2 protein chains.
Amino acid sequence: MKRKEKILEIALQMFNERGVSEVGVREIARALSISVGNLSYHFPKKEDIILALVNRLSSQNNQHYQHYHLQPASLNHFLQLLANIFSNQFDHRGILIGNAELKHIYSTIFDYQITLQKRVQGFELIYQNLQKANHLTLSEADLQHLISLTTLYARFWLHEAFIDHVSMSKNSLIEKYMKVWSYQLSIFATEEGKASLGEYWENVHE
Amino acid sequence: MKRKEKILEIALQMFNERGVSEVGVREIARALSISVGNLSYHFPKKEDIILALVNRLSSQNNQHYQHYHLQPASLNHFLQLLANIFSNQFDHRGILIGNAELKHIYSTIFDYQITLQKRVQGFELIYQNLQKANHLTLSEADLQHLISLTTLYARFWLHEAFIDHVSMSKNSLIEKYMKVWSYQLSIFATEEGKASLGEYWENVHE
DNA sequence: GTCTATATATGGATAGAC
DNA sequence: GTCTATCCATATATAGAC
């Protein structure tokens, strides 16, 4: 089992550096000092490697969501959740960006439409609870708007970051994109909510 | 010259349907009823085809920007500009989505950082003029926020659309994503600005 | 589990005749 | 401009020794 994990680790590193389509199975095997045959024993197809990495990303994100819901709803905690997800996405950037096979892979793992629905419903629940906690003030239209923008932003900030700001560090990038979203949330935040956003940024800069 | 254009037209159509990486030069040649050698005569590398399509997209978008600036600044005209750009992007979706080579292509055509700067400055100018025209009320922070979100949204709505809503028609998709952005603009719009947004949607539904 | 070797397929790119 | 034929690289997949 150790070997499979090592393969995933090295493969992800190479995908991150050069992109999925630019990395061949021979190169992965060489980087691991094993043979192609051996690699094929563990992951018969290259897609199986990507699949395993996608699953890992997905399950890690789910853990972050679950952890969030154990806490009282607050914009501070919500930003922490986003930062964790952003960090996780960054670490898997190789398989999330410019990956033509990804769509096909998603359709093989699960019903993608259901995944999307769950994502939307997840943010809906979070925002509704933030409203109940008196951190946000949202009309129904505001809520739907925020959900639409959130689902897009939380997925594609990484694409822009990776294309436009290659030279920036992981932490700088996450901070940059978190600040934009924090600002967007502050538009709909109560005074209590704004204070909670402030708490997040105080903790970040310690 | 006729032949080159025909190649671009068919290639783009195939890229849109199946993605750049899934379409081979042999298939393009077959669809055109010419030989691979002949195709290579016009475009020595597959990348040259993509490059030509990227340039076409870029120059068409520039024309839309120029046309916008000939008109008085208004949110109505700005939405029209966005709709034109969205439409153009949709038509070139094959080369904009899931295209691992795109980043490399951009770096070969021009200094990409300068292109980015121009894009940001372009939106800055547009928003500043909309403020002068009394359609938007923006603090400096609002302005920067809106620019950040715009540059991201105007590029990646297409990715989300293509991944999540494959079955929707071009017009429905553009309307869906335009509505979200219209709502975002309305947050910062004056009464006059909101009326101008309303004008746009009246004309759309005629 | 791991190796070497090889079969098979497919993709991009090119050489040279017409 | 257009063709045919071929080269070269890479991916999957498998056989069989250790």
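FYI, side chains are in, hydrogens and waters are out, and symmetry mates aren't considered; it's all heavy atoms of this structure. First the proteins, then the strands, lettered A, B, ... as listed; each starts at 1. On a predicted model such as this, the values are computed, not experimentally measured, just so you know.
Remark: B:S172 engages B:S169 in a side-chain hydrogen bond (donor to acceptor under 3.5 Å, both in side chains) (not counting sequence neighbours). With sequence neighbours excluded, the residues that form a ring pair (Phe, Tyr, Trp, His ring centres under 6.0 Å) with B:Y127 are B:F78. Judged as a side-chain hydrogen bond (donor to acceptor under 3.5 Å, both in side chains), and not counting sequence neighbours, the contacts of B:S87 are B:K170. A search for salt bridge (Lys or Arg N to Asp or Glu O under 4.0 Å) contacts involving B:K179 returns B:E175, not counting sequence neighbours. Looking at residues two or more places apart in sequence or on another chain, you find no side-chain hydrogen bond (donor to acceptor under 3.5 Å, both in side chains) involving B:Q131. The side-chain contact (heavy atoms from CB on, under 4.5 Å) check on B:Y183 picks up A:S139, A:A141, A:D142, A:H145, B:S186, with sequence neighbours excluded. A:E160 pairs by the side-chain hydrogen bond (donor to acceptor under 3.5 Å, both in side chains) definition with A:Y177, not counting sequence neighbours. With sequence neighbours excluded, no residue forms a ring pair (Phe, Tyr, Trp, His ring centres under 6.0 Å) with B:F188. Considering only residues two or more places apart in sequence or on other chains, A:F90 meets the ring pair (Phe, Tyr, Trp, His ring centres under 6.0 Å) condition with none of them.
Atom C1' of nucleotide D:dA5 and atom CG of B:L39 are separated by 17 Å, given to the nearest angstrom. For the pair B:K4 NZ and D:dT2 P, the interatomic distance rounds to 12 Å; values are reported in whole Å.
Rounding to the nearest 0.5 Å places NZ of B:K194 at 11.0 Å from CG of B:L136.
DNA chain C lies under 4.0 Å from at least one heavy atom of each of the following residues of residues 40-49 of chain B: B:S40, B:K45, B:K46. Taking every heavy atom of residues 23-33 of chain B and every atom of DNA chain D, no pair lies under 4.0 Å. Across residues 14-21 of chain A, not one residue has a non-hydrogen atom less than 4.0 Å from an atom of DNA chain C.
Of the two residues contacting DNA chain D, namely B:N38 and A:E22, the nearest-nucleotide position lying further toward the 5' end is that of B:N38.
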